[in-house]
Amino acid sequence: IDWRVTARTQKTHTKVFVEEHERPTIVVTEQTPHLFFGSQVRLKTAQALNVSAILAWISLAHNERVGGITFNHLQSTWIPPKRNQQTVLHLLQKSIELQEQIKKPSAADTQGWVDSLQQLLKVKKPGNKIFLVGDMMQLVKHAAPQLHKLKRNSDITAIHIYDNLEKNLPKLGWLSITRSFNSDKLVKLDSFRNKTRKAYQTIYDEQWKETQDVFSKLTIPLVQIGTHQEPLMSLIQHKLIQ
């Protein structure tokens, strides 16, 4: 009760206080050509942006300051955390602009995650809550040293965006694929063979295991969300939002 106003007006007046969270939320969104792929429902770039948007809006609804970094193979943009809708809209609009610059899939960008984590290391205030959204396999492959440093003063959660075709080879008979995004040479695979499908799956499983080991040693939560999954329900199931 605001006693001064109540005494002056002879009517009861109350004040409502809303808790302000001092620890800002930072969302790092990968929008590189390496994620410009999807076999079901949507592209990985689109799913990464969906997840980032939900995290940003939910954090703002909880009265947290929200900002982040969005990057592709050409540039990155840093949006300082603020407690307003305009900042979130600006962050998401920049992500859309970077996504529109992608014309075709390509090999993984070796510098994007390095530069983004280096940018976060320049943020002096400790205790930031950080969400990393994108291909975590590429992050640990190229930016593990920066991740180690960032973990010392930040609360990090990593979200790996994947497509089912990366994990399992469907039974579709003879398939023609290229050895890499930069190769035009076709290699034929018999997807009816159990041995072929097992070898294909093993490649992904080994890389995923290595990624899990790195995050586990750093005690950083790591979850994965597929392009075929509903992003909001997936975040709820992983208990990343309430």
Side-chain angles (χ1 to χ4, degrees), residues 16-32 35-36 38 40-72 75-102 112-113 115-117 119-120 123 125-136 139 147 150-151 153-163 215 220-242:
V16 178
F17 294 92
V18 178
E19 179 185 7
E20 293 189 355
H21 296 191
E22 287 301 319
R23 188 175 65 168
T25 294
I26 297 175
V27 183
V28 184
T29 309
E30 179 182 4
Q31 292 288 283
T32 66
L35 270 64
F36 196 64
Q40 300 180 41
V41 184
R42 58 182 67 89
L43 299 176
K44 292 169 66 177
T45 49
Q47 189 70 315
L49 187 50
N50 289 339
V51 169
S52 296
I54 293 171
L55 291 170
W57 286 118
I58 293 294
S59 298
L60 185 64
H62 288 169
N63 206 40
E64 298 173 1
R65 287 186 290 132
V66 181
I69 297 175
T70 180
F71 69 94
N72 66 6
Q75 59 181 301
S76 74
T77 300
W78 160 247
I79 308 296
K82 293 182 180 178
R83 194 177 289 106
N84 57 59
Q85 294 184 3
Q86 289 74 18
T87 298
V88 174
L89 289 172
H90 187 198
L91 176 63
L92 299 179
Q93 181 59 40
K94 295 303 296 186
S95 295
I96 293 173
E97 292 175 6
L98 296 188
Q99 186 181 114
E100 291 175 345
Q101 294 175 357
I102 307 173
W113 277 114
D115 293 342
S116 295
L117 298 191
Q119 175 68 54
L120 292 181
V123 179
K125 187 174 180 179
N128 292 324
K129 182 166 65 173
I130 300 174
F131 291 102
L132 307 175
V133 185
D135 190 337
M136 296 301 104
L139 186 155
L147 183 64
L150 190 63
K151 178 59 175 68
N153 297 312
S154 303
D155 181 8
I156 303 174
T157 299
I159 303 173
H160 173 63
I161 305 299
Y162 75 94
D163 187 90
F215 282 97
I220 295 176
L222 171 65
V223 303
Q224 51 181 341
I225 297 178
T227 55
H228 63 291
Q229 295 176 320
E230 205 287 316
L232 177 59
M233 292 306 301
S234 297
L235 290 170
I236 293 174
Q237 290 170 359
H238 289 300
K239 299 181 180 180
L240 297 183
I241 60 175
Q242 297 178 355

Report task. Begin with the C-alpha distance, continue with both residues' side-chain angles, and end with the deciding distance and a verdict on side chain to side chain contact (heavy atoms under 4.5 Å, CB included) for I159 and Q224. Result -> CA-CA 5 Å; I159 303 173; Q224 51 181 341; over 6 Å; no
Are the side chains of [Y] and [X] in contact, using a 4.5 Å heavy-atom criterion?
X	Y	result
I241	I236	yes
N50	Q47	yes
K151	I220	yes
F131	I156	no
I161	T45	no
T227	V41	no
Q99	N72	no
H238	I225	yes

Query raised in the report: Sequence neighbours excluded, which residues qualify as ring-ring contact (aromatic ring centres under 6.0 Å, His included) partners of F215?
Result: none
Looking at every heavy atom in both [X] and [Y], which two are closest together, and how far apart are they?
X	Y	answer
D163	G38	OD1-CA, 3.4 Å
A158	M136	CB-SD, 3.5 Å
S116	F71	OG-CD2, 3.1 Å
A48	T29	O-CG2, 4.1 Å

Nearest 0.5 angstrom please: [X] [atom1] to [Y] [atom2], how far?
X	Y	atom1	atom2	result
I58	L235	CD1	CG	9.0 Å
F36	Q101	CZ	CD	12.5 Å
T157	K239	OG1	NZ	14.0 Å
E30	S52	CD	OG	10.5 Å
I69	K94	CD1	NZ	13.5 Å
S234	L240	OG	CG	10.0 Å

Query raised in the report: Going through the distances and angles, do I130 and L150 end up as a side chain to side chain contact (heavy atoms under 4.5 Å, CB included)?
Result: CA-CA 10 Å; I130 300 174; L150 190 63; 3.9 Å; yes
Query raised in the report: Can you name the one residue among L132, L120, I79 that meets side-chain contact (heavy atoms from CB on, under 4.5 Å) with I26?
Result: L120
Requested in this report: Could you point out which residue of T32, L49, L35 forms a side-chain contact (heavy atoms from CB on, under 4.5 Å) with K44?
Outcome: L35
Requested in this report: Check the pair R83, V66 against side chain to side chain contact (heavy atoms under 4.5 Å, CB included), reporting the backbone distance first and the verdict last.
Outcome: CA-CA 6 Å; R83 194 177 289 106; V66 181; over 6 Å; no
Query - Verdict with reasoning, L92 to T70, per side chain to side chain contact (heavy atoms under 4.5 Å, CB included) - result: CA-CA 8 Å; L92 299 179; T70 180; over 6 Å; no
Does [X] reach the main-chain N or O of [Y] with its side chain, forming a donor-acceptor pair under 3.5 Å?
X	Y	result
R42	H228	no
S95	L91	yes
E100	E97	no

Query raised in the report: Is there a salt bridge (charged side-chain N to carboxylate O under 4.0 Å, His left out) between K129 and E64 once you walk through the steps?
Result: CA-CA 10 Å; K129 182 166 65 173; E64 298 173 1; 3.2 Å; yes
Requested in this report: Check whether more than 12 heavy atoms from other residues, nucleotides or ligands sit under 6.0 Å from atom CD of Q85, and answer yes or no.
Outcome: no
Report task. Ignoring hydrogens and angles, state whether a donor on the side chain of N128 or S154 is under 3.5 Å from an acceptor on the partner side chain. Result -> no
